[in-house]
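These notes are about the structure you will find just below.
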Amino acid sequence: MVVELLKRGIVGIGFAGIFTFIALTIMKIVEVEASVDEVWLNMLGSLIVGIYFSFASFIFDKNEWSLLKQIGLHFTLSIVVYFALAFGFGWVPADPISISIGVVIFIIIYLIFWFSIRSYLKKMASSMNDAVK
């Protein structure tokens, strides 16, 4: 269990690093200046989000739960944790319009990931079924 936690945590940190690098690249291209303190704080937030999502995937290991229950719990926890961090790190201002836009963007990104993973798993299952025939 500890080994699996470490593996998933490292994967989460890796994804956070990639997303942080993309954000920094965009900032460099559009010539946005930021202090080391700002970059450090935002990278810390990114790392926490990455680690959270890597650990949250344990929800899908509960085979006795229905897929709907797993997705519902994962989505609910994810949106709560993300927005708690987003408000804390100043990524989303605490006004109704910003929160609404943030929720819509979160849902769109969540759905993109969900459909991508679903498509991949269906393709893998189909490939395995074809191999058995």
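Rounding to the nearest 0.5 Å places CG of L73 at 8.5 Å from CZ of F60. To the nearest 0.5 angstrom, K62 atom NZ is 15.5 Å from L67 atom CG. Remark: I18 CD1 to I13 CD1 distance equals 12.5 Å, nearest 0.5 Å. Separation of atoms OH (Y82) and CZ (F75) is listed at 12.5 Å; rounding is to 0.5 Å. Separating the CG atom in L111 from the CZ atom in R118 is a distance of 11.5 Å, to the nearest 0.5 Å. F21 CZ to S46 OG: the interatomic distance, rounded to the nearest 0.5 Å, is 13.5 Å.
With S116 contributing its side chain and I112 its backbone, the two residues share a donor-acceptor pair below 3.5 Å. Proximity of a side-chain donor or acceptor of S54 to a complementary backbone N or O of I51 within less than 3.5 Å is detected. Side chain of S126 to backbone of K122: no donor-acceptor contact under 3.5 angstrom is found.
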side-chain contact (heavy atoms from CB on, under 4.5 Å) between L85 and I48, intermediate numbers included: CA-CA 8 Å; L85 291 168; I48 293 170; 3.6 Å; yes
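For R8 and F58, the positive end sits near the middle of the six-membered ring, less than 6.0 Å away and at most 45° from its axis.
Residue-environment remark: CH2 (W65) exceeds the threshold of 12 foreign heavy atoms within 6.0 Å. Shown here is I97, whose CD1 atom has no more than 12 heavy atoms of other residues, nucleotides or ligands within 6.0 Å. Counted within 6.0 Å of CD on E64, heavy atoms from surrounding residues, nucleotides or ligands total more than 12; the atom is thus considered enclosed.
Both W114 and I79 belong to a single network of hydrophobic side chains, linked directly or stepwise wherever heavy atoms of I, L, V, M, F, W or Y lie under 4.5 Å apart. I99 and I107 fall within a single hydrophobic cluster, where Ile, Leu, Val, Met, Phe, Trp and Tyr side chains are chained together by heavy-atom contacts under 4.5 Å. In the hydrophobic cluster analysis, where Ile, Leu, Val, Met, Phe, Trp and Tyr join through side-chain heavy atoms closer than 4.5 angstrom, L44 is grouped together with F87. Note on Y52: it clusters hydrophobically with V92, by side-chain heavy-atom contacts below 4.5 Å among ILVMFWY residues. Cluster annotation: L24 is not connected to L47 through the hydrophobic network of ILVMFWY side chains, with a link wherever side-chain heavy atoms come within less than 4.5 Å.
Nearest heavy-atom pair, V103 versus F83, reported as atom, atom and distance to 0.1 Å: N-CZ, 3.5 Å. Residue G50 comes nearest to A16 through the heavy atom pair CA-CB, 4.4 Å, listed as atom of the first residue, atom of the second, then distance.
Ring geometry for F89 against W91 counts as parallel: the plane angle stays under 30°, on a 0 to 90° scale with 60° as the upper cut.
In this structure, D130 does not pair ionically with K123, as no charged nitrogen and carboxylate oxygen lie closer than 4.0 Å.
Proximity of the aromatic rings of H74 and Y110 is defined here by a centroid distance below 6.0 angstrom, and this criterion is met.
Looking at heavy atoms from C-beta onward, D37 lies out of side-chain contact with L41 at the 4.5 angstrom threshold. With a 4.5 Å cut-off on side-chain heavy atoms, F53 and V81 do not count as touching.
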